[in-house]
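First comes the structure, then the notes that go with it.
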Amino acid sequence: MQAKPLLWITFYLPDHLIEPLKPFVDVKCWQDPTNDMPQQEFEVAAYEADILWTVVPNRLTADVIQRASRLKMVANLAVGYNNIDVEAAKEAGIIVTNTPDVLADTTADLAFALMLAAGRRMIESAKALYQGQWAGWQVLGFTGQDIHHKTLGIIGMGDIGELVAKRAQGFDMKVLYHNRNRKETAEMRYSVTYRSKEDLLRESDFVIVLTPLTAETRNLIAKEQLALMKPTAILINVARGGIVNEDDLYDALVNGTILAAASDVFVQEPVPTTHPLLSLSNFTPMPHIGSATVDTRLAMVDRNVASLTAYLSNEDIPYRVV
Ligand code: GLV
């Protein structure tokens with residue numbers, strides 16, 4: 001009997017979610033629900049596997065791909081795939097799939113939540129309360145920024161950007177956007193107005209970054225861009241660490257170049273607790289939970305399972321990146 005292909009699931013996944021694949025594959029699965037698989041272990045898994053089921057912390061670089069001579073398919077549990085060198089995968093004839101169209105609303109909710117949290121100083125003031133530092137109702141106690149009727153600038157107008165704009169309409173916000181291409185339908189549907197990146201940064205009270213991480217978008221928001229923003233402005237990153245330059249953001253928050261920032265993503269994840277940004281009361285961190293709702297995570301798993309079963313049954317593979 002021919003051996004079944006080896007599927008390496010490089011993150012913890014409860015057994016019942018793997019069940020539909022078991023007739024087709026031998027499965028190895030990372031068993032620690034509280035710690036990511038270390039990169040070294042991941043590279044061993046990539047070397048062993050015929051099929052990999054990956055998450056964003058797993059870096060499938062050109063080097064790793066070169067060594068992974070059995071590897072034929074990768075299902076990535078995310079819509080973003082900056083953790084995979086897709087060009088190298090394509091060259092090696094490896095299929096890569098992702099999870100499109102199921103997490104935009106959920107991530108837009110978190111972007112909006114972070115805008116509210118940073119604007120209204122929610123985490124900072126809750127922390128003060130826990131620490132017994134709430135002196136009672138004071139006229140200027142914990143005063144933040146209004147969100148309603150303010151100007152929101154969205155950098156990167158994909159699905160998530162459009163859904164943030166839709167939510168902003170309910171808050172009577174003026175919405176500007178910057179994108180590689182004009183999005184006429186979004187302009188009509190959500191009353192958003194195109195601006196150059198520089199003008200958007202100058203005019204916005206809140207700036208939300210929503211681009212993918214690529215060579216062009218790395219350090220898209222750095223010292224020069226932060227300097228264009230209003231001193232009362234608030235920057236939110238729910239896309240990927242590295243799009244906003246963390247050192248420059250730290251300086252901007254300490255020097256009062258901008259008022260506050262919030263970020264769901266970091267260059268290094270999990271972010272070390274000694275990271276300078278975490279020492280600032282005007283910085284609101286989140287542990288990369290943009291798509292983390294039960295419904296959405298199960299829908300993402302379903303997308304990957306659909307790609308994997310199609311591959312294993314020689315059918316057309318949905319959600320292919322390459
Ligand atoms: C999560 O970060 C994703 O890209 O889906």
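Whatever order the structure lists them in is the order used to number ligands and atoms, beginning at 1. Predicted model only: the values in this text are computed from it and were never measured. Both backbone and side-chain heavy atoms feed into the values below; hydrogens, waters and symmetry mates do not.
- Every ring-ring contact (aromatic ring centres under 6.0 Å, His included) that His178 has, sequence neighbours left out, goes to Tyr194.
- Residues Phe266 and Ile243 fall within the same hydrophobic cluster, defined by Ile, Leu, Val, Met, Phe, Trp and Tyr side chains chained together at heavy-atom separations under 4.5 Å.
- Taking the side chain to side chain donor-acceptor pair (under 3.5 Å) definition, one finds that Glu124 meets it with Arg121, sequence neighbours left out.
- Protein residues lining ligand 1, listed by chain and number: Ala78, Val79, Gly80, Leu103, Arg240, His288 [non-hydrogen atoms, distance under 4.0 Å].
- Take His149 and apply the side chain to side chain donor-acceptor pair (under 3.5 Å) test, not counting sequence neighbours, and it matches no residue.
- Clustering ILVMFWY residues whenever any of their side-chain heavy atoms sit less than 4.5 angstrom apart, transitively, puts Met73 in a cluster other than the one holding Leu60.
- Between Lys72 and Ile95, every side-chain heavy-atom pair lies at or beyond the 4.5 Å cut-off.
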